[in-house]
2 protein chains.
Amino acid sequence: MPTDDRTPDRVRSRPTWLLARAHGRALALLHAGFEAHGDGLRGYHYRLLAALEQWGPASQADLGRDTGIDRSDVTAALRQLEDEALVERRVDPGHRRRNIVTITADGQRALQRLDVVIADIQGDVLAPLTPEQRRQLVDLLEKLV
Amino acid sequence: MPTDDRTPDRVRSRPTWLLARAHGRALALLHAGFEAHGDGLRGYHYRLLAALEQWGPASQADLGRDTGIDRSDVTAALRQLEDEALVERRVDPGHRRRNIVTITADGQRALQRLDVVIADIQGDVLAPLTPEQRRQLVDLLEKLV
DNA sequence: TGAGAACGTTGGCGTGGCCAACAAGGAAGA
DNA sequence: TCTTCCTTGTTGGCCACGCCAACGTTCTCA
């Protein structure tokens, strides 16, 4: 008996599928938010700015490790951030193969704007859940990760 | 106080981030499974085979609607499935702009093999959870989707 | 001093998802 | 009937995210 949602049965109730679906919906909202208020930035940029704001200046390799972003992608994302003066890169005098990356005042402001956008989206994503259910979901997902 | 997991605080506890992380882990396992036992097939192929098996022959447009896959991607995925004789396409005599797609016996077998692989992966993904927690997670995710 | 590791960079690949444009075929209204 | 509009399949392209290989440079350590 086909339901309204014609996703095949073997797919519909699988946890991996539900995760993909839920993540897809969240991602769509995030992309829309970045599109509307993100000044051309994307997820990678936000993660990098967040790491810099929290732990201060760091090398690109450390940034990659702290954010789970590949070194090569860190390079590309930082170039854009630097182009928009949200970040500064200079060679570490003590270790000249390293770049020391610093968030600028503009970067701080961009990060704070994104914080608001992203925080709002959390509510949109979790809209179907009660506060207690939201807490449960976060707990369970944290166990999974 | 930085913990072992140096994901920035503003990112670490957000539901959208947890969903992305959990989905990423599931996806990595799925890709490994497809790589090892998938005969070169991917998620799109599995979804299409599943839809064909469950509801019988269908047009490509209907397949796209039932699986949430874009028409253009349906075309590409079906071409591969047809190349491997897992699927047959013929023009609908009554509506000659349509292709009627049918799963073959080989396609049924491939689908069943993938079923086993994917079912196993569900257990891997949910390994950190008790049976009760798994049920809870599925319930919550279904509300979200 | 010499070998090996770490760093930043370039270039590439794959998956999943999305969109635009087009020709062919069909449907519905003038 | 004719004309307009819609659907279908196809091609080609784009994006985000993740990952990997290779390279030259720089540093460390045995």
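All chains are named by letter (A, B, ...) in the order of the sequence lines, taking the proteins before the strands, and each is independently numbered beginning at 1. Nothing here was measured: the structure is a model prediction, and the numbers come from that model.
- A salt bridge links B/Glu132 with B/Arg135: the distance from a Lys NZ or Arg NE/NH1/NH2 to an Asp or Glu carboxylate oxygen falls below 4.0 Å.
- As judged by a 4.0 angstrom heavy-atom cut-off over every strand, B/Gly43 is placed among residues touching the sugar-phosphate backbone only.
- For A/Arg47, whose side chain is taken as the heavy atoms from C-beta onward, the closest listed nucleotide among D/dG18, C/dT9, C/dC18 is D/dG18.
- Following rounding to the nearest Å, A/Leu41 (CG) and D/dA16 (C1') show an atom-to-atom distance of 14 Å.
- Between B/Ala28 and B/Asn99, the one whose closest nucleotide on DNA chain D sits nearer the 5' end is B/Asn99.
- For C/dC19, its base sits under 3.5 Å from the side chain of B/Asp70 at one donor and acceptor pair at least.
- No side-chain heavy atom of B/Asp39 sits under 4.5 Å from any side-chain heavy atom of B/Leu114.
- Going from atom CD1 of A/Ile100 over to atom C1' of C/dC7 covers 13 Å, rounded to whole Å.
- Within the 4.0 Å cut-off from OP1 or OP2 of C/dT9, at least one side-chain nitrogen or oxygen of A/Gln60 is found.
- Note: CZ (A/Arg42) to C1' (D/dC17) measures 9 Å, nearest angstrom.
- Remark: of the listed residues B/Leu81, B/Leu86, B/Leu63, B/Asp66, B/Leu63 is the sole one forming a side chain to side chain contact (heavy atoms under 4.5 Å, CB included) with B/Leu52.
- Of the listed nucleotides (D/dG9, C/dG17, D/dT25), C/dG17 has the atom at the smallest distance from the side chain of B/Tyr44.
- Rounded to a whole Å, the CG atom of B/Leu30 is 19 Å from the P atom of C/dG14.
- Whole-Å rounding puts the B/Leu63 CG to D/dT7 P distance at 18 Å.
- For the segment residues 71-85 of chain B, residues with any heavy atom less than 4.0 angstrom from an atom of DNA chain D are, sorted by number, B/Arg71, B/Ser72, B/Thr75, B/Arg79.
- Of the two residues contacting DNA chain D, namely A/His95 and A/Ile69, the nearest-nucleotide position lying further toward the 5' end is that of A/Ile69.
- Comparing atom distances between the A/Arg89 side chain and each of D/dC17, C/dT9, D/dT26 picks out C/dT9 as nearest.
- Applying side chain to side chain contact (heavy atoms under 4.5 Å, CB included) to A/Asp115 and the options A/Ile118, A/Val117, A/Leu111 leaves one that passes, A/Leu111.
- The side chain of B/Arg96 contributes no N or O atom lying less than 4.0 Å from OP1 or OP2 of C/dA27.
- At C/dG8, none of the side-chain N or O atoms of A/Arg90 fall inside 4.0 Å of OP1 or OP2 (strictly under the cut-off).
- Not one side-chain nitrogen or oxygen of A/Arg97 sits closer than 4.0 Å to the OP1 or OP2 atom of C/dA6.
- One atom, CZ of A/Phe34, and another, C1' of D/dC17, lie 13 Å apart when rounded to the nearest Å.
- Residue-environment remark: CZ (B/Arg134) exceeds the threshold of 12 foreign heavy atoms within 6.0 Å.
- For A/Glu88, the CD atom sits in a loose shell: 12 or fewer heavy atoms of surrounding residues, nucleotides or ligands are nearer than 6.0 Å.
- The interatomic distance linking A/Arg25 (CZ) with D/dA16 (C1') rounds to 19 Å, in whole Å.
- The shortest side-chain heavy-atom distance between A/Leu144 and B/Arg25 does not fall under the 4.5 Å cut-off.
- Place A/Arg21 and A/Ser59 on DNA chain C by their nearest nucleotides, and A/Ser59 ends up nearer the 5' end.
- No more than 12 heavy atoms of other residues, nucleotides or ligands shown are found within 6.0 angstrom of CD on B/Glu35.
- Among the nucleotides C/dG16, D/dC17, C/dG8, the one closest to any side-chain atom of A/His31 is D/dC17.
- One can place CG of B/Leu29 at 16 Å from C1' of D/dC19, the figure rounded to the nearest angstrom.
- Look at A/Arg65 and you'll find a side-chain N or O under 4.0 angstrom from OP1 or OP2 of C/dC7.
- Closest approach to the B/Arg98 side chain among C/dA5, D/dT10, D/dT8 is made by D/dT8 (side chain taken as heavy atoms from C-beta onward).
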